[in-house]
Amino acid sequence: MDAYDWSTGIYAAAVAMAKCMTTEELSRAAILLTQLGTTLGTLAALRQLEEGGAETITEF
């Protein structure tokens, strides 16, 4: 799946969710998914540092 297909799929999922949720439910889902994405990004960065990415960063 390329970036365009991935983006289209995410958009379609968001629209499908929005159609069957109240405004409050939609807001809560957005907050939850934002926090989930941020936490996953942090964990991925920490894992990369633990797996040897730290050498690349400390060379600067």
Side-chain angles (χ1 to χ4, degrees):
M1 180 180 290
D2 68 14
Y4 298 108
D5 290 338
W6 182 260
S7 179
T8 301
I10 297 297
Y11 176 79
V15 170
M17 290 173 66
K19 285 185 176 184
C20 65
M21 298 172 104
T22 66
T23 301
E24 182 177 347
E25 291 169 334
L26 191 58
S27 295
R28 288 180 184 269
I31 291 167
L32 178 126
L33 293 172
T34 298
Q35 182 177 0
L36 177 63
T38 301
T39 302
L40 288 172
T42 300
L43 293 171
L46 290 171
R47 182 182 288 178
Q48 184 178 17
L49 288 172
E50 289 175 357
E51 293 175 350
E55 292 84 21
T56 303
I57 293 172
T58 58
E59 288 178 3
F60 293 106

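Both backbone and side-chain heavy atoms feed into the values below; hydrogens, waters and symmetry mates do not.
Clustering of Ile, Leu, Val, Met, Phe, Trp and Tyr by side-chain heavy atoms under 4.5 Å joins Trp6 with Met1, Ile10.
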Quiz: residues 16-23 side-chain donor-acceptor pairs under 3.5 angstrom, not counting sequence neighbours:
{"from": "Thr22", "atom 1": "OG1", "to": "Glu25", "atom 2": "N", "distance (Å)": "3.1"}
{"from": "Thr22", "atom 1": "OG1", "to": "Glu25", "atom 2": "OE1", "distance (Å)": "3.4"}

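For residues 7-18, no pair satisfies side chain to side chain donor-acceptor pair (under 3.5 Å), with sequence neighbours left out. Within the structure, no pair that satisfies the salt bridge (Lys or Arg N to Asp or Glu O under 4.0 Å) test touches residues 31-40, not counting sequence neighbours. The side chain to side chain donor-acceptor pair (under 3.5 Å) pairs that include a residue from residues 26-46 are Glu24-Arg28, where partners are two or more places apart or lie in different chains.
Linking Ile, Leu, Val, Met, Phe, Trp and Tyr residues whenever their side-chain heavy atoms come within less than 4.5 Å leaves Leu36 and Ile31 in two separate clusters.
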